[in-house]
Number of protein chains: 2
Amino acid sequence: MSVTIVDIAKQAGVSPSTVSRVISGHPKISPATVRKVKSIMEELNYHPNIMAKSLVSKVTNTIGILLPRPAEELFLNLFFSEMIRGVVTQAARSSYDLLMATGTTEREEVEAITRLVRGRRIDGVILLYSRQADPVISFLKEEKFPFVLIGRNDEHPDILTVDNNNVQAAFDVTRHLIAQGHTRVGFVSGPPTLTVSRDRLEGYKLAMQQENLSVNPEWIVEGDFLQESGYRAMSYIMNLPERPTALVVMDDLVAFGVLGGLTELGYKVPQDLCLAAFNNTPMSELTSPPISSVDIGIYQLGYTASQTLLRAVKGETVHQNRVLIPHRFFPRESSLHTIHK
Amino acid sequence: MSVTIVDIAKQAGVSPSTVSRVISGHPKISPATVRKVKSIMEELNYHPNIMAKSLVSKVTNTIGILLPRPAEELFLNLFFSEMIRGVVTQAARSSYDLLMATGTTEREEVEAITRLVRGRRIDGVILLYSRQADPVISFLKEEKFPFVLIGRNDEHPDILTVDNNNVQAAFDVTRHLIAQGHTRVGFVSGPPTLTVSRDRLEGYKLAMQQENLSVNPEWIVEGDFLQESGYRAMSYIMNLPERPTALVVMDDLVAFGVLGGLTELGYKVPQDLCLAAFNNTPMSELTSPPISSVDIGIYQLGYTASQTLLRAVKGETVHQNRVLIPHRFFPRESSLHTIHK
DNA sequence: CCTTTACATGCAAACGATTGAAGCTTCAAC
DNA sequence: GTTGAAGCTTCAATCGTTTGCATGTAAAGG
């Protein structure tokens, strides 16, 4: 049916082993043989059977990537493709393929990963996001299977991670607002179970503290990653007796909601309220006013995660188990309004 | 190292073949044996080696998906994750895995696919988008390898495709504008090499023709899928001696640009110009005014493509080789302004 | 001219599953 | 008591590679 190494061997008048060695670039094959075999491979359009190959070599040249479940994907949707593009680009550069795993429940996720790992289908895994008490992480650690987490997980300080310095990023953003004269700065958070939410909240608090500004707990609103939550947050915040003049918002999409809410209530951004958000999605430039946002290097996160994983897979020692991708703040109109006391 | 079928067999006191048959649910294995083997599999946490399995069975339970190249991805970025989610969900439902292939050039793309196909790594392929003169399509046809194209390709009317009825969709949108009294309707197109651009342009023209409205060629602007092109289009269109009062725009993102350009020029939407676009991305609800847009069922496209492919892979006869996913128009503020003559 | 050495290749055993055919029980039928 | 069939299980070949070891041959050294 399909052309195999044996066919090549026959055609070339050598043994299959020789052909195999030609393919793998074994040093002591005569140049003449190499040439002959290669030309025949070309001619018959031979491509090695990957299954057979990895059956004996125990190496699949494939990394798995666990997709977020629909329920959790909403907020990841925006990053998702960029991240994967980073992963796939780097993986392709090292001739690795990418296998996607998923599941609609946590149980299914674990099952999917288990099947791939124990079925020797992949050499390593990238987890696209971190959540607390993740059974997948526990499983992978137990199996001593190479994996990289994009994000951070405090329960497992020893695993390989690629992350942003979210504390610093939030700190920077908050300082940017304070520098313009704001003293009452609020924070619209994401789900508190996510590390990223907690980190950014912490960075915000640190900045406030460093500037000797008191944080009114009423200014901290918990949202999710959908615009509605920003919308809702506004009807709450703008009705506070002492309301903030600036807001740090966890995500562009939520900032959109915030913007919508404010417009509806008749407030103007940045005159009545300054906004700065995270993730610098293409949207943030397109709103009116454009939203200041922190670019967290999504593509880089994916790319680096893949790179780190491949090092681990190949057994190279990874010098640092936590890599931080630099972020960059893009101030735009939504936060450019100086307060004069 | 890893627990194999032989280990199970030893533990259970049966032969490997028996274990294999238990796994595959062979009818004539005694219930007692089944029970015993299964419990031991459970106990040892056995998972079959997928490579070995597919080496002999010639089936990989994996479908490939060719990612668009970075250069082309820009416009697909938005659909991308939704589509993949559709594919992966449906595939997972049939216990199929997803392998991603990519390449930075057309040549690399073909190579990647060739390696997977001839290396017997996958059972079928989904092509995420259609372009003319695609060497990948030719290759797959030659190899008689199962694949599904999301989109359409006129050079190959016989292949399996999943697509929208873009002609009809554009027709509907144009009629919606005309119904509000517009007689001068323009069109901001995508790259003319893409089938989708041509289809929508055709639908637009048909609607105009049907209503006995003349199409001024000046009203048809060619853009790409980036907001800048919408921006540029406006400085051109609004300077025309006879300018349109409504526009059909190929994509939400471009409509954003259009919106931005108009705002900058001091025009108001929908009062000065009505807009209707395609793809109904989450953005379109968030702009001011919100943009009317056609939902093309991106998730459905992916889901159905996967379903169709799996049928083909399993050798089931596919009743129709071109599946159309229904679209739905969401009128929003950007196009809701009636013209009174 | 015979041994040593190096180099190039072939042999054959894996890798972990599947599967057609053969084999062994057990029991019913004649 | 032999024969047959049915039911369950094992045997052994196979899938397409890789790889340690054996082998053959030619050049180099004594």
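Here the structure is a predicted model, which means the values were calculated and not measured.
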Considering every strand and a 4.0 Å limit on heavy-atom distances, what is the contact class for S20(A): base, sugar-phosphate, or nothing? base
When you look at NZ of K314(A), are more than 12 heavy atoms from neighbouring residues, nucleotides or ligands closer to it than 6.0 Å? yes
Any T18(B) side-chain N or O less than 4.0 Å from OP1/OP2 of dT10(D): yes
Provide, to the nearest angstrom, the distance between the NZ atom belonging to K28(A) and the P atom belonging to dT23(D). 17 Å
Roughly, in whole Å, what's the span from NZ in K10(B) to P in dA17(C)? 13 Å
Expressed as a whole number of angstroms, how long is the span from K36(A):NZ to dA8(C):P? 16 Å
Both P16(B) and N49(A) contact DNA chain D. Taking the nearest nucleotide for each, which residue is further toward the 5' end? P16(B)
Looking at Y96(A), is its backbone amide N or carbonyl O close enough to the side chain of S94(A) to form a donor-acceptor pair, meaning the two atoms are under 3.5 Å apart? no
Could you check which of dA8(C), dA17(C), dT17(D) has an atom nearest any side-chain atom of V56(A)? dT17(D)
Would you tell me if any nitrogen or oxygen in the side chain of S15(A) comes within less than 4.0 Å of OP1 or OP2 on dG10(C)? yes
Could you go through R115(A) and E111(A), starting from their C-alpha distance and side-chain angles, then the distance that decides it, and tell me whether this counts as salt bridge (charged side-chain N to carboxylate O under 4.0 Å, His left out)? CA-CA 6 Å; R115(A) 195 171 48 80; E111(A) 268 168 17; over 6 Å; no
Would the base of dC15(D) count as contacting S57(B) through its side chain, where contact means a donor and an acceptor less than 3.5 Å apart? no
Measure the distance from CD1 on I29(A) to P on dA6(C) and round it to the nearest whole Å. 18 Å
Beyond-backbone contact of T161(B) with N153(B), side-chain heavy atoms, under 4.5 angstrom: no
Tell me: CG of D7(B) to P of dG16(C), nearest whole Å? 9 Å
dG16(C), OP1 or OP2 - any side-chain N/O from Y46(B) closer than 4.0 Å? no
Between Q307(B) and R93(B), is there a side-chain heavy-atom distance shorter than 4.5 Å? no
Return the value, rounded to whole Å, for the distance between atom NE2 of H26(A) and atom P of dT17(D). 19 Å
Measuring to OP1 and OP2 of dG10(C), would you say a side-chain N or O of S17(A) lies under 4.0 angstrom away? no
Quick one: the side chain of R121(B) and the base of dG16(D), do they pair up donor-acceptor inside 3.5 Å? no
If the cut-off is 4.0 Å, is K53(B) near the phosphate of dC15(D), judged by side-chain N/O to OP1 or OP2? no
I5(B) atom CD1 is separated from dC15(C) atom C1', nearest whole Å, by 13 Å
Rounded distance in Å - CE (M41(A)) to P (dT17(D)): 11 Å
Does OP1 or OP2 of dT9(C) have a side-chain N or O of T33(A) closer than 4.0 Å? yes
Does a side chain donor of either T60(A) or D123(A) reach within less than 3.5 Å of an acceptor in the other side chain? yes
So, OP1 or OP2 of dG16(D): does either fall under 4.0 Å of a side-chain N or O from K58(B)? yes
Counting only side-chain nitrogens and oxygens, does S30(B) get under 4.0 Å of the OP1 or OP2 atom of dT9(D)? yes
Whichever of V6(A) and R21(A) has the more 5' nearest nucleotide on DNA chain D, that residue is V6(A)
Assign G119(A) to base, sugar-phosphate, or nothing according to its heavy-atom contacts below 4.0 angstrom with the strands shown. nothing
